[in-house]
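Written below as structure tokens is the structure these notes are about.
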Amino acid sequence: TALLIDRHGKDVIKYSKIHLFEPFLVDAMCEPGERFHVADLDTSAGNVRLGLMICADRDYPESGRVLMKYGAEVVLIPNACPLKGLNGKVTDMVRVRAVENAMAVAICNYPQPKADGHSTAFDPEGEMLGRGGCMEEITMINMDLERIRESRRHSHLGDAFRKERFYGPLLKPSVLGCFSNRKNAAGLVRR
């Protein structure tokens with residue numbers, strides 16, 4: 001669970017991870033969250049619509065899409081796995097979530113030795129706004145809210161030309177093919 005606290009000490013969002021990584025026993029024993037949340041965050045530059053994902057949530061395009069539909073302009077992702085490993089796959093996914101949903105996305109990762117650090121942020125165009133190192137540190141990243149909003153107004157991605165009437169199969173619980181009988185760490189088949 002992640003808790004977003006604003007600059008006045010007020011709880012803004014309390015979000016529990018939806019996409020538990022069930023091959024890990026600790027995740028297999030947990031209950032997932034029930035919904036994604038977006039809220040207005042009061043900043044010195046004005047309000048920003050902010051959403052949260054946690055770790056494996058970023059692997060599923062629908063997570064970012066739901067946050068975009070709720071109006072998220074910026075999404076924060078606390079993370080606990082290597083970003084530079086797997087040929088940069090995680091960082092690539094975060095960049096794609098930013099571009100495909102016309103929003104800024106920042107992922108904050110555990111430093112070495114638990115993970116590999118390299119916390120990173122992208123704007124809606126996929127431009128890297130900054131990247132931290134591998135050790136524990138505070139990395140400041142400036143996000144130009146007007147630039148983010150302007151990019152969203154002109155994006156052909158995001159929500160402008162989506163054809164939702166064709167997405168019905170995404171709401172069906174059945175999965176065909178190789179993904180249908182995956183087991184978690186406790187040996188349970190999840191569908």
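Annotation: Glu137, atom CD; neighbour count of heavy atoms from other residues, nucleotides and ligands within 6.0 Å is above 12. Within a 6.0 Å sphere centred on NE2 of His156, heavy atoms belonging to other residues, nucleotides or ligands number 12 at most.
Separation of atoms CD (Gln112) and CD (Glu136) is listed at 12.0 Å; rounding is to 0.5 Å. Separating the CD1 atom in Ile77 from the SG atom in Cys108 is a distance of 10.5 Å, to the nearest 0.5 Å. Expressed to the nearest 0.5 Å, how far NZ of Lys163 lies from CZ of Phe166 amounts to 8.0 Å. To the nearest 0.5 Å, the span separating CG on Leu76 from CG on Leu52 amounts to 6.0 Å. Atom CG of residue Leu83 and atom OG of residue Ser119 lie 6.5 Å apart, to the nearest 0.5 angstrom.
Follow the hydrophobic side-chain contacts under 4.5 Å out from Tyr70 and you reach Ile54 in the same cluster. In terms of hydrophobic clustering, with Ile, Leu, Val, Met, Phe, Trp and Tyr side chains grouped at heavy-atom distances under 4.5 Å, Val99 and Met128 are assigned to different clusters. Follow the hydrophobic side-chain contacts under 4.5 Å out from Val96 and you never reach Val74; the two are in separate clusters. If you chain together hydrophobic residues whose side chains sit under 4.5 Å apart, Leu157 and Met93 never meet in one group.
A donor-acceptor contact shorter than 3.5 Å links the side chain of Arg152 to the backbone of Ala102. The main-chain N or O of Cys81 is found under 3.5 Å from a side-chain atom of Asn109 such that the two form a donor-acceptor pair. Of the possible donor and acceptor atoms, one in the side chain of His118 sits under 3.5 Å from a partner among the backbone N and O of Asp116. Checking side-chain atoms of Asn101 against main-chain N and O of Ala98 turns up no donor-acceptor pair under 3.5 Å. Put simply, the side chain of Arg97 never gets that close to the backbone of Met103: no donor and acceptor are under 3.5 Å apart. Between the Ser63 side chain and the Pro61 main chain, no donor and acceptor come within less than 3.5 Å of each other. Using modelled atom types, no side-chain atom of Arg49 and backbone atom of Glu73 make a donor-acceptor pair closer than 3.5 Å.
Taking both residues in full, the closest heavy atoms of Ala121 and Ile141 are given as CB-CD1, 3.5 Å, listed atom of the first, atom of the second, then distance. Closest approach of Gly71 and Val38 over heavy atoms only: C-CG1, 4.2 Å.
The pair Glu150-Arg147 does not meet the salt-bridge criterion, since no charged nitrogen lies less than 4.0 angstrom from a carboxylate oxygen. Electrostatic pairing of Lys69 and Glu62 does not count as a salt bridge here, judged by no charged N lying under 4.0 Å from a carboxylate O.
When Cys30, Pro32, Cys55 are each tested for a side chain to side chain contact (heavy atoms under 4.5 Å, CB included) with Lys17, only one passes: Cys55. In summary, of the residues considered (Leu67, Asp6, Leu4), a side chain to side chain contact (heavy atoms under 4.5 Å, CB included) with Leu50 occurs for Leu4 alone.
Side chains of Val94 and Phe122 form a contact here, defined as non-hydrogen atoms less than 4.5 Å apart. When side chains are defined from C-beta on, Ile5 does not count as touching Val12, because their heavy atoms never get closer than 4.5 Å.
A side-chain donor from one of Ser16 and Thr1 sits under 3.5 Å from a side-chain acceptor of the other. Between Asn47 and Asp40, the side chains place no donor N or O within less than 3.5 Å of an acceptor N or O (distance only, hydrogens not considered).
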Practice task
Could you walk me through whether Asp144 and Asp123 pass side chain to side chain contact (heavy atoms under 4.5 Å, CB included), step by step?
Solution key: CA-CA 9 Å; Asp144 182 337; Asp123 72 6; over 6 Å; no

Problem - Pair Thr91-Arg131, side-chain hydrogen bond (donor to acceptor under 3.5 Å, both in side chains): steps then yes or no - result: CA-CA 11 Å; Thr91 303; Arg131 168 173 262 170; 3.3 Å; yes

Handout entry: Step-by-step side chain to side chain contact (heavy atoms under 4.5 Å, CB included) determination, Ser155 to Glu125
Key = CA-CA 9 Å; Ser155 175; Glu125 304 294 324; 5.8 Å; no

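The ring pair (Phe, Tyr, Trp, His ring centres under 6.0 Å) search around Phe36 returns Tyr15, not counting sequence neighbours.
Note on residues 43-63: pairs passing ring pair (Phe, Tyr, Trp, His ring centres under 6.0 Å), not counting sequence neighbours, are His19-Tyr60.
Both cation-pi conditions hold for Lys114 and Tyr110: the charged atom is under 6.0 angstrom from the six-membered ring centre and inside a 45 degree cone around its axis.
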